[in-house]
Amino acid sequence: MDAYSLHLAMAALVGASFVAVSAYYMHRKTLNQLLEFAKAMERDREDVAADADDGGDAAEQLKKYSRQRRKGSEGHYRRGSASLPDVRMFYGGSSGGGEMEDKINGQAHVDSIPTGLPRLHTLPEGHLIRPTSPKSPIACGSAFESLEGSDDEDNVTDVAKLDSTYLLINGNVNVQNINASVESKAMATPSMIRSHSVSGDLHGVPPDPVAADILRKEPEQESFVQLRISPTEIPSPDEVEVYRALQDCLELRRSYVFKEAVAPWEKEIISDPSTPKPILNPFDYNSEGKSDHYFQMEDGVVHVYASKESKEKLFPVADATTFFTDLHHILRVIAAGNIRTLCHHRLVLLEQKFKLHLMLNADREFLAQKSAPHRDFYNVRKVDTHVHHSACMNQKHLLRFIKSKLRKEPDEVVIFRDGTYLTLKEVFESLDLTGYDLNVDLLDVHADKSTFHRFDKFNLKYNPCGQSRLREIFLKQDNLIQGRFLGEVTKQVFSDLETSKYQMAEYRISIYGRKMSEWDQLASWIVNNNLYSENVVWLIQLPRLYNVYKEMGIVTSFQNILDNIFLPLFEVTVDPDSHPQLHVFLKQVVGLDLVDDESKPERRPTKHMPTPAQWTNIFNPAFSYYAYYCYANLYTLNKIIFVALCWGKKACFSSRECQFLCKNLLLAFPLL
């Protein structure tokens with residue numbers, strides 16, 4: 001060890017020894033002071049007890065003892081600190097306290113005092129008036145209800161000795177209020193009383209009998225001030241304008257929506273609320289008569305007449321100019337800032353009301369749900385909507401079906417491609433695939449995150465293994481085998497739904513409008529494969545693909561698409577014998593919908609748009625253009641169906657299907 005380290009160690013040892021010795025003497029001095037203080041207190045207690053035996057008031061003696069113990073010889077408080085020196089020693093002990101104050105706080109010399117000022121009234125020295133706290137109605141800020149027992153009670157002026165002149169001039173203090181505050185025995189807040197122990201010694205002082213008596217009293221009732229805020233009864237002019245605009249929009253909507261005088265679901269009497277009984281022969285057709293109604297397509301809208309000779313339109317509908325004018329009015333209302341603000345506040349209010357409902361009734365609803373006999377999530381009826389029929393099966397189900405067909409029917413001729421008829425086995429050999437190679441990952445028909453906002457990739461997911469020929473074979477109904485494979489896998493899905501009993505579905509099938517025979521082909525496929533289930537209904541979707549068909553030369557104008565979609569429906573409604581299979585199939589249809597990539601930007605239609613026959617350009621019409629002509633034709637179709645039912649004539653739709661058409665077809669379009 002070098003000399004430097006040795007010196008450091010010796011210095012540390014000497015310093016530690018010095019600190020230890022100093023601490024020992026300080027501790028010894030403190031103990032001696034404590035012992036002397038304890039002996040002095042014991043002597044004082046004996047003197048107080050002796051005075052009490054001589055007939056003195058014990059409570060008064062205790063208070064006097066407490067004051068003497070806390071005060072010095074001159075009446076000043078001695079609040080010393082063990083860590084700080086006593087500054088009075090520098091001024092000659094306790095007797096020099098007054099001199100010390102004179103030296104520190106000298107007299108202020110004023111050169112001149114203005115004349116005419118009133119005499120300044122002051123309180124006697126040592127007296128203090130405590131102001132009333134804004135949180136407490138009494139003048140005392142102590143936790144005790146009485147002024148007795150407080151550390152500052154000697155500094156509080158006796159109200160009886162105060163000069164009333166001073167109280168009324170300086171501060172406008174009312175003597176009666178002070179008397180009431182000092183003599184009050186109960187505080188307004190009982191929590192302050194409970195914050196102190198009744199039997200404990202707070203500061204080493206015996207409990208005050210008066211304070212203890214107050215603490216034993218029952219707390220008084222708290223008083224609160226109720227603020228009555230009356231809501232504004234009269235809305236502002238801006239709100240009145242918004243309300244009127246919204247009311248106009250509601251009236252505008254009523255002029256477009258078809259509503260029956262008596263709803264079909266109110267006419268039908270339901271005697272058995274259980275699951276609907278299956279229809280034994282859902283595809284049986286009985287020949288029905290033809291109606292006398294006559295219909296004709298005019299400017300994209302079908303108009304119905306009582307007979308061929310009649311010139312009066314039975315069900316007039318708003319023309320395109322009126323529709324687009326009303327559309328622009330609604331769009332202007334939507335874009336208004338004050339309407340957006342009020343609607344936003346309304347939505348926030350409804351959301352908060354629903355959250356309040358959850359807070360109040362969530363437990364009740366849960367208990368009510370538990371008390372429902374024989375019902376839980378697995379045996380309550382659930383409906384799957386917006387399910388494309390080509391995707392109604394899961395990927396594992398489709399994989400098992402493809403493998404089974406490849407194993408059982410490898411020699412079935414399934415497709416005509418490149419001038420050659422190919423069997424199922426030859427198709428897979430051309431793709432260099434076998435049944436053993438197939439798996440869910442290779443099939444790749446599951447929509448994942450890559451299809452989000454990507455319609456091109458979404459449509460590719462309908463191609464098993466990325467091959468369009470496999471889609472044509474297994475997922476199309478208009479192919480070489482008349483959609484037999486798709487019909488078989490659909491029946492398997494129906495069987496699974498019926499086995500689960502509580503699961504319903506609404507499957508979507510597309511009508512493209514490329515040719516007028518599409519409705520008959522679809523109905524024929526449904527009927528020939530006996531695709532019926534009480535757990536399934538059908539919805540027809542109309543893809544907005546006019547621009548594609550125009551470029552391919554399939555159609556010449558937009559009028560061709562409207563003819564191919566709506567004329568067969570009016571034909572089968574007026575004369576069911578003209579399309580018997582379609583008549584049977586439409587009883588299972590519940591609505592129509594327009595589908596396309598709605599994120600694509602498009603121009604807003606003007607008030608004077610070209611008619612469908614004049615729309616011969618290659619651009620696809622806007623969504624609202626499609627919506628109007630679909631709405632107008634469905635409105636007329638619903639009217640003629642309703643009239644046929646009311647007159648007792650049979651139509652292609654039953655009462656249940658008419659009900660669904662009236663509800664769903666009109667609600668399929670956001671504007672209407």
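Residues Val387 and Glu506 fail the side-chain proximity criterion, which asks for heavy atoms closer than 4.5 Å. Proximity of Lys476 to Leu486: side-chain heavy atoms (C-beta onward) are nowhere separated by under 4.5 Å. No side-chain heavy atom of Gln614 sits under 4.5 Å from any side-chain heavy atom of Ser557. Residues Lys600 and Asp596 form a side-chain contact, since some pair of their non-hydrogen atoms from C-beta on lies under 4.5 Å apart.
Here Phe295 pairs with Phe570 under the ring-ring contact (aromatic ring centres under 6.0 Å, His included) rule; sequence neighbours left out. Under the ring-ring contact (aromatic ring centres under 6.0 Å, His included) criterion, Tyr629 pairs with Tyr625, sequence neighbours left out. Every side-chain contact (heavy atoms from CB on, under 4.5 Å) that Leu252 has, sequence neighbours left out, goes to Ser255, Tyr256, Asp326, His329, Ile330. Applying the salt bridge (Lys or Arg N to Asp or Glu O under 4.0 Å) rule to Glu602 yields the partners Arg544; only residues at least two apart in sequence or on another chain are considered. When the salt bridge (Lys or Arg N to Asp or Glu O under 4.0 Å) test is applied to Arg508, the partners found at least two apart in sequence or on another chain are Asp593.
Listed by first and then second residue, the salt bridge (charged side-chain N to carboxylate O under 4.0 Å, His left out) pairs involving residues 345-356 are Glu351-Lys355 (not counting sequence neighbours).
Classification of the Tyr635-Tyr631 ring pair by plane angle, with boundaries at 30° and 60°, yields tilted. Aromatic ring pairs are classed by plane angle as parallel below 30°, tilted from 30° to 60° and perpendicular above 60°; the pair Phe323 and Tyr628 is tilted.
Scanning both residues, Ile565 and Gly513, for their nearest heavy atoms gives CG1-CA, 3.9 Å. Contact detail for Glu498 and Tyr532: the closest heavy-atom pair is OE2-O, 4.3 Å.
By the 4.0 Å N-to-carboxylate-O rule, Arg254 lies close enough to Glu251 to be salt-bridged with it.
For the pair Lys382 and Phe377, the distance from NZ or CZ to the six-membered ring centre is under 6.0 Å and the angle to the ring normal is within 45 degrees.
Taking a 6.0 Å sphere around OH of Tyr502, one finds it holds more than 12 heavy atoms contributed by other residues, nucleotides or ligands. Counting non-hydrogen atoms of neighbouring residues, nucleotides and ligands closer than 6.0 angstrom, the CZ atom of Arg604 reaches no more than 12 such neighbours.
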